[in-house]
Amino acid sequence: MTIELVGIVGAGAMGSGIAQAAAVAGLKVVVIDVTEAALAKGIATLTHSLDRLVSKGTLEAGARDAARARIDTSTDYQRLAGVDLVIEAATENAELKTRILRQIEATVPSDTIIASNTSSISITALATTLADPRRFIGMHFFNPVPLMPLVEIISGLQTSADTADRVRKLALQLEKSPITVKNAPGFVVNRILVPMINEAFFVLAEGIATAEEIDAGMRLGANHPIGPLALADLIGLDVCLSVMDVFLKDFGDSKYRACLLLREMVAAGRLGRKTGHGVFRYDKTV
């Protein structure tokens, strides 16, 4: 069964990025969020991203306009009634995702694939909230979605082989490079990456080096294109903290305890680029 219409729940950075990738690939997209303001913000981000690709010469203006025309938005879940696949792209919170997945299943056809863009939460556990867990799968994109080629495809214990095969084909249609991953907290990339970011916060908290020096050390000494603290700001410090808390709970190993400095910065609302201030400052008015 060909996937032609994709639903996305969540118009934030990930949701809008997935919508852009799908629309550029020629798919029709409907984006759902709770308010018109959230949808407007997501579409503005998406439009700016498309315009940048045109200005860089990597996308034709006509292709940009066609992609934008393929995207529709709504606050009504009933708009998902005809989709072939829907991707939940909400905040990394298990209770929230569970509520959204139940709403999705109550709306979409019985043969619609339901995927989650979760970066750390168990796909097997999320699947148990659905009446038919065979059609549920993890489809973890990376930020910024239009530029990052990787998609982790995670099958839960209940996911059918047909679901996994169709989702892998969709990832290729989006011109992404999928890898197949077993269900485990953090999957592959975040299992390695987020604890490294957390350790960078420990190094910073202990005063071993400044934030600039820590990032320079990893760029120049480990050949990373971006330092771990700048990357945390890009990901969102709240997301990094949520992932570490999932690891600590699911593994029960104290090595996954979040650095107190990371927790304090999240409590202060210093979440990174999206708030204008994280480890580094991006907006002098914040």
Side-chain angles (χ1 to χ4, degrees), residues 8-19 33-34 38 41-42 45 87-101 115-123 125-126 138-148 150-152 154 181 184-202 204-205 211 215 218 224 226-251 256-283 286:
I8 298 167
V9 179
M14 297 305 296
S16 62
I18 297 168
D33 213 314
V34 292
K41 183 178 180 181
T45 299
I87 301 171
E88 169 274 311
T91 303
E92 195 72 356
N93 178 287
E95 292 183 6
L96 173 62
K97 288 181 181 294
T98 295
R99 291 198 301 271
I100 291 173
L101 291 173
S116 175
N117 183 56
T118 179
S119 58
S120 63
I121 301 171
S122 169
I123 298 301
L126 288 175
M139 198 175 187
H140 180 210
F141 293 83
F142 289 77
N143 190 30
V145 177
L147 301 180
M148 297 293 282
L150 180 65
V151 177
E152 289 181 319
I154 312 103
V181 177
F187 317 127
V188 170
V189 175
N190 281 346
R191 172 78 175 272
I192 298 168
L193 176 64
V194 180
M196 182 196 74
I197 289 173
N198 190 55
E199 194 64 26
F201 275 95
F202 275 116
L204 179 63
D215 275 10
M218 294 305 292
H224 291 190
I226 184 173
L229 298 173
L231 182 57
D233 278 351
L234 179 62
I235 295 169
L237 272 60
D238 54 335
V239 176
C240 293
L241 177 59
S242 294
V243 172
M244 288 304 299
D245 284 344
V246 167
F247 287 174
L248 183 62
K249 176 179 177 292
D250 288 0
F251 287 116
Y256 294 113
R257 72 194 188 283
C259 177
L260 181 58
L261 176 61
L262 172 59
R263 197 173 295 279
E264 284 283 288
M265 292 178 71
V266 170
R270 291 174 53 177
L271 308 183
R273 287 182 178 269
K274 59 188 171 185
T275 61
H277 194 183
V279 178
F280 302 102
R281 188 177 289 273
Y282 303 90
D283 183 347
V286 176

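Side chains included, hydrogens not; waters and symmetry mates left out as well; all remaining heavy atoms used.
For D233, the side chain to side chain donor-acceptor pair (under 3.5 Å) partners two or more places apart in sequence, or in a different chain, are Y282. Evaluation of the side chain to side chain donor-acceptor pair (under 3.5 Å) rule for T98 yields no partner, not counting sequence neighbours. Under the rule for a ring pair (Phe, Tyr, Trp, His ring centres under 6.0 Å), the partners of Y256 that lie at least two apart in sequence or sit in another chain are F247, F251. S242 pairs by the side chain to side chain donor-acceptor pair (under 3.5 Å) definition with nothing, not counting sequence neighbours. Every side chain to side chain contact (heavy atoms under 4.5 Å, CB included) that N198 has, sequence neighbours left out, goes to F202, M244, A258, C259, L262. Remark: E152 pairs with H140 by the side chain to side chain donor-acceptor pair (under 3.5 Å) rule, at least two apart or across chains. Take A94 and apply the side chain to side chain contact (heavy atoms under 4.5 Å, CB included) test, not counting sequence neighbours, and it matches I121. Every residue two or more places apart in sequence or in another chain that forms a side chain to side chain contact (heavy atoms under 4.5 Å, CB included) with M148 is listed here: F142, P144.
The list of salt bridge (Lys or Arg N to Asp or Glu O under 4.0 Å) pairs with a residue in residues 239-250, not counting sequence neighbours, reads D245-R263. Judged as a salt bridge (Lys or Arg N to Asp or Glu O under 4.0 Å), the pairs with a partner in residues 264-277 (not counting sequence neighbours) are, in order, D238-K274.
When all heavy atoms of A89 and I18 are compared, the closest pair comes out as CB-CD1, 4.5 Å. The nearest pair of heavy atoms linking V239 to S119 is CG1-OG, 4.5 Å. Of all heavy-atom pairs between S16 and T45, the closest is OG-CG2, 4.2 Å. Of all the heavy atoms in D215 and A230, the pair that sits closest is OD2-N, 2.9 Å. Scanning both residues, I100 and A90, for their nearest heavy atoms gives CD1-CB, 3.4 Å. The shortest non-hydrogen separation linking I197 to A232 is CG2-CB, 3.7 Å.
Atoms CG and CG, from L234 and L229 in turn, are 12.5 Å apart once rounded to the nearest 0.5 Å. Atom CG of L237 is separated from atom NE2 of H277 by 10.0 Å, given to the nearest 0.5 angstrom.
Between I87 and S116, every side-chain heavy-atom pair lies at or beyond the 4.5 Å cut-off. Annotation: side chain of L193 is not in contact with side chain of V243 (no heavy-atom distance under 4.5 Å). Counting heavy atoms from C-beta outward, C240 and I235 have side chains that approach closer than 4.5 Å. Considering only heavy atoms from C-beta on, V9 stays 4.5 Å or farther from D33 through its side chain.
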With side chain to side chain contact (heavy atoms under 4.5 Å, CB included) as the criterion, how do R99 and L96 come out once you've worked through the C-alpha distance, each side chain's angles and the decisive distance to 0.1 Å?
CA-CA 5 Å; R99 291 198 301 271; L96 173 62; 3.5 Å; yes

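Looking at E88, its side chain never comes within 3.5 Å of a backbone N or O of K97 through a donor-acceptor pair. No donor-acceptor pair under 3.5 Å is formed between the side chain of N143 and the backbone N or O of A13.
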